[in-house]
Protein chains: 2
Amino acid sequence: MKTNASLLEGRIRDRGYRMTRQRQVVLEELAKVDTHPRADQIYQLVRRRIPHVSFGTIYRNLKTLEELGLISEIQRGHTARYDGNASPHHHFVCRKCDRIIDVDEASTTEFDIPSLSRMGYQVERFQLQIFGLCPACRTKLDKS
Amino acid sequence: MKTNASLLEGRIRDRGYRMTRQRQVVLEELAKVDTHPRADQIYQLVRRRIPHVSFGTIYRNLKTLEELGLISEIQRGHTARYDGNASPHHHFVCRKCDRIIDVDEASTTEFDIPSLSRMGYQVERFQLQIFGLCPACRTKLDKS
DNA sequence: CTCGATGCAAAGTGTTTGCAGTACG
DNA sequence: CGTACTGCAAACACTTTGCATCGAG
């Protein structure tokens, strides 16, 4: 819950970014919720505290914060959703209410679906997304 | 490679849909490739065979075919990509070339990442997406 | 014949961007 | 005080939709 503000600020400044009130509030609001909100929902939350904030600022900050590894973007349907928890974990997506629930890495590293069931989740299918470098790109060691 | 055309047609008709040339060609082109193309790329492929085809038709058919469970949509970045292989499998996403490579279910059910590595893939992170019903929605047995 | 599908173009939706002014460090 | 950031609005990219017409069954 408590996001070590000064630590974050250091991390941001070191990269040449600044900690503006807008950026701060986006981060705080995202840390408060566990609902993986869309950009427009984050905009509403931030607007309650900074009434003149603009959509552009929200989007720009979401992008910046993701680059900084402080939040992460989830592509769900055709609209991005944001996750204040940037540490590696998995997602349970409900097909009915479209809620996204965090599932920590430990409980699925061994594909512990049975324990999810015991917790009341009805698992219908799952898909693993693996990110990295394909053999072809791995060979081209030159660029990046 | 060979998509049992008559079988598919039956499946489509039974649901009140019709097998038009456009729909047929979208399906065929998607079956030919293993690249998970975007809608505009599918449009180009189909246009080579049906020059007057429109974007609306492509999108409508992609949606219909997905509903029928014959193809699947992958959300990658801000643009949807399509997969002619609708059977359950996983994806390896290359961060450099953005290629999506199918990984069959068997080779990851036990999280067999080491074997992917042996095949030349550099795995950097992975995320499991689990779909189903959350406890709250499961309780509301009424609607659907 | 009937009704689902098409082609076209216009309208949406979510996101990005150019610019002049603002404020962080 | 320099430069990253903001607010605003216009632009954008992708997708959906209304309508007259076409064609599968």
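None of these values were measured; they are calculated from a predicted model. Note on naming: letters A, B, ... go to the chains in the order of the sequence lines (proteins, then strands), and numbering restarts at 1 for each one.
- One interatomic measurement links the two molecules: CG of A:L65 to P of D:dA4, which rounds to 17 Å at whole-angstrom precision.
- Look at NE2 on A:H52: it is 13 Å from C1' on D:dC5, rounded to the nearest Å.
- Heavy atoms only, all atoms of each residue included: B:R99 and A:A136 are closest at NH2-CB, 3.7 Å.
- A straight line from OH of B:Y43 to P of D:dT15 spans 14 Å, rounded to a whole angstrom.
- Checked against A:Y17 for a side-chain hydrogen bond (donor to acceptor under 3.5 Å, both in side chains), the options A:R11, A:R23, A:E67 give a single hit: A:E67.
- Counting all heavy atoms, side chain and backbone alike, B:R76 lies closest to B:V93 at NE-CG1, 3.1 Å.
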Dump the intermediate steps for side chain to side chain contact (heavy atoms under 4.5 Å, CB included) on A:R21 and A:I50, then the final yes or no. CA-CA 9 Å; A:R21 172 144 175 70; A:I50 309 175; 3.7 Å; yes

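- Helix-axis bend for the helix from C:dC1-D:dG25 to C:dG25-D:dC1: the local axis fitted to the five terminal pairs at one end deviates from that at the other end by 50°, rounded to 10°.
- Here D:dT17 presents its P atom at 17 Å from CD1 of B:I58, a figure rounded to the nearest Å.
- At the heavy-atom level, B:D40 lies nowhere under 4.0 Å from the strands shown.
- Salt-bridge formation is detected for the pair A:E29/A:K32: a Lys NZ or Arg NE/NH1/NH2 atom is positioned less than 4.0 Å from an Asp or Glu carboxylate oxygen.
- Between the P atom of D:dA13 and the OH atom of A:Y59 lies a distance of 16 Å, rounded to the nearest Å.
- The nearest pair of heavy atoms linking A:P135 to B:M119 is CG-O, 3.7 Å.
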Is there a side chain to side chain contact (heavy atoms under 4.5 Å, CB included) between B:C134 and A:F92 once you walk through the steps? CA-CA 8 Å; B:C134 66; A:F92 180 93; 4.2 Å; yes

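- Proximity of residues 68-79 of chain A to DNA chain C (heavy atom under 4.0 angstrom from any strand atom) is restricted to A:T79.
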Once each nucleotide of nucleotides 19-25 of chain D is scored for protein heavy atoms under 4.0 Å, what B/S/- sequence comes out, 5' to 3'? ----BBS

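- One can place CD of A:Q24 at 14 Å from P of D:dC5, the figure rounded to the nearest angstrom.
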Scan the side chains in residues 121-128 of chain A for donor-acceptor partners under 3.5 Å anywhere in the protein, sequence neighbours excluded, and list what turns up.
unit_1	atom_1	unit_2	atom_2	d
A:Q122	OE1	B:R138	NE	3.3
A:Q122	NE2	A:E124	OE2	3.3
A:E124	OE1	A:R95	NE	2.8
A:E124	OE2	A:R95	NE	3.2
A:E124	OE2	A:R95	NH2	2.6
A:Q127	NE2	B:H91	ND1	2.7

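- None of A:I71, A:V25, A:L70, A:N85 except one satisfies the side chain to side chain contact (heavy atoms under 4.5 Å, CB included) rule with A:L30; the exception is A:I71.
- The distance between atom NZ of A:K63 and atom C1' of D:dT6, rounded to the nearest whole Å, is 17 Å.
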Please output the side-chain donor-acceptor pairs of residues 34-44 of chain B that fall under 3.5 Å, not counting sequence neighbours, one pair per line with the distance.
unit_1	atom_1	unit_2	atom_2	d
B:H36	ND1	B:D34	O	3.4
B:H36	ND1	B:I100	O	3.0
B:H36	NE2	B:D83	OD2	3.4
B:H36	NE2	B:D102	OD1	2.7
B:R38	NE	B:D40	OD1	3.0
B:R38	NH2	B:D40	OD2	3.2
B:Q41	OE1	B:R38	N	2.7

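- Heavy-atom distances to DNA chain C give each of B:I50 and A:R38 a nearest nucleotide, and the one nearer the 5′ end belongs to B:I50.
- A salt bridge links A:E9 with A:R13: the distance from a Lys NZ or Arg NE/NH1/NH2 to an Asp or Glu carboxylate oxygen falls below 4.0 Å.
- A:E28 has a carboxylate O that lies under 4.0 Å from a charged side-chain N of A:R49, or vice versa, which qualifies the two as a salt bridge.
- A:T57 places no side-chain N or O within 3.5 Å of a backbone atom of A:V53 that could act as its donor or acceptor partner.
- Between B:H52 and B:Q22, the side chains place no donor N or O within less than 3.5 Å of an acceptor N or O (distance only, hydrogens not considered).
- With a heavy-atom cut-off of 4.0 Å to chain B, the contacted part of DNA chain C has its first and last nucleotide at C:dT2 to C:dT16.
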